[in-house]
Amino acid sequence: MLDGNWIAPKVELVREFATNALDAFAWMEEVDLQATYGTNAKYGGNVGTGTVLGAMWPRTHSFMTGAERISQLAKVAIENGVTIYTETRGTELIVSQSARVVGAKAVQADGTQITINATKGVVLATGGYSANVAMVKSFDK
Ligand SMILES: Cc1cc2nc3c(=O)[nH]c(=O)nc-3n(C[C@H](O)[C@H](O)[C@H](O)COP(=O)(O)OP(=O)(O)OC[C@H]3O[C@@H](n4cnc5c(N)ncnc54)[C@H](O)[C@@H]3O)c2cc1C
């Protein structure tokens, strides 16, 4: 329900997130994001899991600092053929006549318009809606 009394996550998504956590941990080390809570000697040896704000028990792994994570993930993405555009705002999805999303339009900080054609789909990873006042008013009663 979204009437302000009860907001619940989708159980199947939470289950997906939880049951794949170990695989995600292994993947993080595959792309050389080294655990700072865990077994990595460089960051203090075998210290197990840690807690984050709001957690009652140690249940969290951490991987280097945020700045180190971002630059390492960017390096791996580029090595795998990804082009990264910074200071670029997605403005529109391109939809084919058969109603498939086949790309996106974006504008760069200097006003340059770019078009990206996609053959394998478009993933939206633009976060939540907390900056959208109309949606916050509508859902967060
Ligand atoms: C104060 C705070 C503390 C938190 N603490 C924790 C914690 O301790 N542990 C935890 O697990 N989670 C925590 N979270 C939650 C966690 O940060 C989020 O769940 C997570 O960052 C969401 O990741 P995301 O990739 O989906 O979105 P985001 O990290 O929000 O990334 C979305 C990105 O898309 C960009 N974007 C948006 N619109 C466009 C557009 N049109 N074109 C191009 N780019 C666009 C945004 O600029 C942003 O960089 C916290 C959140 C907050 C606010």
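One is the number of the first residue; the rest follow in order along the sequence. Order of listing sets the numbers, starting from 1, for every ligand and every atom in it. As the structure is a prediction and not an experimental result, all values here were calculated from the model. Side-chain atoms are counted along with the backbone in the values below, which use heavy atoms only and exclude waters and symmetry mates.
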**Item:** Any N/O pair G128/ligand 1 closer than 3.5 Å
**Value:** no
**Request:** For ligand 1, note which part of A106 has a heavy atom under 4.0 Å away: side chain, backbone, both or neither.
**Result:** neither
**Item:** Neighbour count >12 (heavy atoms, 6.0 Å) for atom CZ, F17
**Value:** no
**Per-atom contacts, ligand 1 versus G127 - under 4.0 Å to a heavy atom** = 27 (O), 30 (O), 32 (C)
**Prompt:** What do you reckon, is CD1 of I114 surrounded by more than 12 foreign heavy atoms closer than 6.0 Å?
**Reply:** yes
**Prompt:** Checking Q34 side chain against M64 main chain: does a donor-acceptor pair fall under 3.5 Å?
**Reply:** no
**Option with minimal heavy-atom separation from atom 43 (C) of ligand 1, where the choices are L124, T126, T88** = T88
**Donor-acceptor under 3.5 Å (T91 side chain, K105 main chain)** = yes
